[in-house]
Amino acid sequence: MTATKRQMPKNFDFAEGEKRIYDWWEQNGWFKPEARPDDAEPFVISMPPPNVTGVLHIGHALFSTLEDLMIRYERMRGKAALWVPGTDHAGIATQLQVEKMLQEEGTSRHDIGREEFLARTWQWKEEKGGTITSQLRRLGASCDWDRERFTLDDGLSEAVQEVFVRLWEQGLIYRGPRLVNWSPGLQTAVSDLEVESNEETVKLYFFKYPVEGGEHLPVATTRPETILGDTAVAVNPEDKRYTHLIGKKAYVPMLNREIPIIADEYVDMEFGTGALKVTPGHDFNDYALSKKHNLEMINILNKDASLNENAGDYAGLDRYEARAKLWADMEAADLTIKAESYTTRIPRSQRGGEVVEPMLSTQWFVKMDDIAAKGLKAVRDGDIKIVPERFEKVYYHWLENIQDWCISRQLWWGHRIPAWYREKDGDPQGEIYVGRTPPKGDGWTAEEDVLDTWFSSGLWPFSTLGWPHETADVQRFYPTAVMETGHDILFFWVARMIMMGLWFTDKPPFHTVYLHGLVRDSEGRKFSKTIGNVIDPLVMVDEYGADPLRFALVTSGTPGNDVNLDEEWVENSRNFANKIWQATSFIVNNLENIEGELDLTLPQPDTLDLPSKWILSRLNKLIKNVQNLFDTYQFGEAGRQIRSFIWDEFAPWYLEISKHPLYNGEPEQKNDALRVLIHTMDTCLRLLHPFVPFVTEELWSYIPHNGEALIVADWPHADEAYINDKAEYQMGVLIDLVRQVRDIRNNQYDINPGKKLDAIIAPGSHRSNIEKYGYVFSRLCNIDNIDLLAENAPSPEQAASGVVADATVYLPLAGMIDFEAECVKLNKEHENLIGAIAKIEGTLSNENFVSRAPAEVVQRERDRLVDLQASLSQINERISELCK
RNA sequence: GGGCGUAUAGCUCAGUUGGUUAGAGCGCACGGUUCACAUCCGUGAGGUCAUAGGUUCGAGUCCUAUUACGCCCACCA
């Protein structure tokens, strides 16, 4: 392999490069698992499908970055990496968008009818559908687009139908009237998960319940209109205030309907008035209570939450109008006591934000107990791991207390439930047929309801691969590997995928769940249009590039925790991309220094000079660390460590030092330095590729390399032979000496950086290295000549000094030396050393430490003590010379 | 009412299984147009690691309690 000597541009043109490189990758088929041999181990991620009509927001940017990172990493490890992309029909969300559009046209879905509405929605999907996937491409997402799926595709619809029919046949799906959360605006049932309760201040109304015999029982409620649906009043049997009323009749205010006064321990004597009105048709607690006491159930609401015929004179009024009117009427009838303000949790629809009403309605449910048991076991047994682990507890708690899942929605956009009804015994729905095809015979009417969106999403890991058919993809790529998604949809989606996967394929759909948090702004606030703090990922990409946004997103946080994204960090990541660019540019420009054929392999460890031994030792330790971090899904920390290696060690030290062999060295030294530079840079580009794919791919093309493309290059492995603690220590002393000189020049004496100085060094045990690598000082702190002192030689008086281990560097600055300042500095160091030494001596004299601490820790302390003592003796000597 | 998370430099955050003198970015101060880079380089100031106990040879890291903020779950009208 010879180097292709191409001139590098001054900077990376993100806009141009991203598009060109992405197309090149895709055209070469590298996003497909088929890019690897047929027997390669698969690694599969199913993309959490974004809403088909959505636009990319910062949350998408986070998930796609993390998933792409894992996919690229595993691909480089030689696996058949498959990232299955797709979109979700998002029942409620999409239907709402289309309804809004119709409203703007002055019509409505009811006006145009179901068929026309669906046609319009599909049209909307065709228009908006490509947006989000094309936006994902801009972020570098290396999905297999040939396998892209949509939840309403024929194949996925077939899977949905199959699952529904099988569950029905297994007796796990039932239909019946139940109290469900009803969304009056959307006019559909919603599941418990789709209801959010937050504290709000409302009014608590106290009123008098008329009791037979002319007495009044005081009762409190936050929803007076539900009085009209009361079918009992309950008191605690222990409550002496009311025991005499138990069994008597009460009369519903304004309706005068007769209802019983019952006793139940459920009633809290301390709360409110101690008496509870029971409304089974519109309250979950009361519903349970009514089952226990066999009470009548009355529904007083229409689908739009206006009151129905059961509400007497209030029929036709909106629930809030009815509340006001009823209360006014009760006031007039002297049945009110007071209304005070009260803080409680109000259930609102997650979608529309409107107040949800518990309401009796006939819905389809899935019995969850047996299915949930499988889901629990899989995680308990470790067949599925959740990262971070703490979410396993949350998962257990939910599954242990799971309720049956209400899967029917009174919407039009979605998978229609494969059921048909026929009249029987006067009941128009007396006979139910569930099947893959419509029933034979006459008189059947199809079910109008569709399925909860999450019903189809729950099948995603296998439905996207072709299930229920035993396709080649199902055989090869199922189960998938990692499910990466937000912790906010652990119940909605992850738990259901696990349950459905286990139930229908008998395998966990993935072995690991990796959960990320919410992306927030730099002050930790949620993004909101009202605050105006929304960060548009595409604006970031335009301004800084996709790589910088990706790097910032990954390195800003830790698994499971929310990410506070600071635009300054995106900018810094852009600067980091530039840093790699410039470092590579330096190497590429020096390729012309190659003498003869360049050997791309690394020289043997012992033949290397000290700086090379040092940087390769640091590099291989970095590889080991990064590997450990990747193994435990700590990608952010891995990215930060790579960044730090390049920016704090490789570029400012090794690269600078290498200029000596490159510019002044013998041919062999030049080549060795280049081999180390290229190897180190090459390794860094490989390690960074999953984080910042575009710029690394581009840079890799400039340095000498083997292979077609970085995206399919091998992931680095650490080579223990190059790990060298001794070299790290020795190089560390040289680096610290340079720092001492810089400190003296910059801070103590304010010497122009351009001015060359001479140095005198008492080298202690580092004589040969300082002698051999004196050029380090000339390169890095502008030292012209170094005078190495013989052992026991007197130290120069007119000089500033700095001590590192047992070596001292002197800068002879005749006439400039401020002895007083020197002594202040020396005394301060003296003090520090005494303190540090005392501490270590204390530790080492502790027998428990010496016997119990690991040997290497003890040894490290001993080594340190030796260095500190050597430094102290030099400081002491200096003090006795200078400070009288 | 349960459960969980967070608390480290002025700000935003790292700190892997407990082990040198706790780090980064931004900001701040001082100095820099040397042939990779001003999207930069060098140097520096700045921290009782929320509080109080405890375990340990050794605690930012483990345990207990407390405080503050945030999140999730739950049927008190």
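Here is the naming used below: chain letters follow the sequence lines, and residue numbers restart at 1 for every chain.
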Whole Å only: how far is the [atom1] atom of [X] from the [atom2] atom of [N]?
X	N	atom1	atom2	answer
A:D648	B:C41	CG	C1'	13 Å
A:R345	B:C73	CZ	P	9 Å
A:R745	B:C41	CZ	C1'	14 Å
A:N285	B:A74	CG	C1'	11 Å

Using 4.0 Å as the upper bound for N to carboxylate O, is an ion pair formed by [Y] and [X]?
X	Y	value
A:R345	A:E200	no
A:E543	A:R574	no
A:R864	A:E861	yes
A:K338	A:E340	yes
A:K277	A:D283	no

Which nucleotide, if any, forms a Watson-Crick or G-U wobble pair with [N], using both distances under 3.5 Å?
N	answer
B:C4	B:G70
B:C62	B:G54
B:C30	B:G42
B:U12	B:A24
B:C35	none
B:U17	none

Using a cut-off of 4.0 Å on non-hydrogen atoms, how would the nucleic acid contact of [X] be classed: base, sugar-phosphate, or nothing?
X	answer
A:A853	base
A:T558	sugar-phosphate
A:L655	base
A:R742	sugar-phosphate
A:K659	base
A:R862	nothing
A:R643	sugar-phosphate
A:Y342	sugar-phosphate
A:R864	base
A:Q740	nothing
A:F284	nothing
A:Y266	base
A:T273	nothing
A:N832	nothing

[X] side chain N/O closer than 4.0 Å to the phosphate oxygens (OP1, OP2) of [N]?
X	N	value
A:Y663	B:A36	yes
A:K579	B:C41	yes
A:N575	B:C40	yes
A:N628	B:U16	no
A:K839	B:G19	no
A:W647	B:A24	no

With rounding to the closest Å, how many angstrom separate the [atom1] atoms on [N] and [M]?
N	M	atom1	answer
B:U34	B:G18	C1'	47 Å
B:C49	B:U61	P	9 Å
B:C41	B:G46	P	24 Å
B:A24	B:A14	C1'	7 Å
B:A45	B:G19	P	25 Å
B:G44	B:G23	P	12 Å
B:U6	B:U66	C1'	16 Å
B:C73	B:C26	C1'	38 Å

Practice item. Establish, yes or no, whether a centroid distance under 6.0 Å links the rings of A:Y775 and A:F777. Key: no
Practice item. Establish, yes or no, whether a centroid distance under 6.0 Å links the rings of A:F14 and A:F694. Key: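 No, ring centres 6.0 Å or more apart.
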Point to revise | Residue met sooner reading RNA chain B from 5', once A:D743 and A:L629 are mapped to nucleotides | key: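 With A:D743 and A:L629 compared, the 5'-side residue is A:L629.
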Study note, to complete from the structure: Assert: residue with more 5' nearest nucleotide on RNA chain B, out of A:P854 and A:G557, is A:G557
Taking atom types as they are modelled, is there a donor-acceptor pair under 3.5 Å from the base of [N] to the side chain of [X]?
X	N	result
A:K393	B:C4	no
A:Q641	B:A14	no
A:R574	B:U39	yes

From C-beta outward on [X], which listed nucleotide comes closest to its side chain: [options]?
X	options	answer
A:Q582	B:C72, B:A77, B:A36	B:A36
A:R390	B:G19, B:G5, B:U21	B:G5
A:W569	B:A24, B:U6, B:A77	B:A24
A:V267	B:A24, B:U12, B:A77	B:A77
A:E656	B:A77, B:G25, B:A36	B:A36
A:F586	B:U39, B:A36, B:G42	B:A36

Practice item. Mind running side-chain hydrogen bond (donor to acceptor under 3.5 Å, both in side chains) on A:Y209 and A:D230 for me, showing each step along the way? Key: CA-CA 11 Å; A:Y209 233 106; A:D230 285 353; 2.7 Å; yes
**Study point:** Test side-chain hydrogen bond (donor to acceptor under 3.5 Å, both in side chains) applied to A:E194 and A:S191, step by step
**Key:** CA-CA 5 Å; A:E194 290 164 282; A:S191 76; 3.0 Å; yes
Practice item. List the atom of A:R745, the atom of A:N782, and the distance in Å for their closest heavy-atom pair. Key: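 Heavy atoms of A:R745 and A:N782 come nearest at NH1-O, 3.2 Å.
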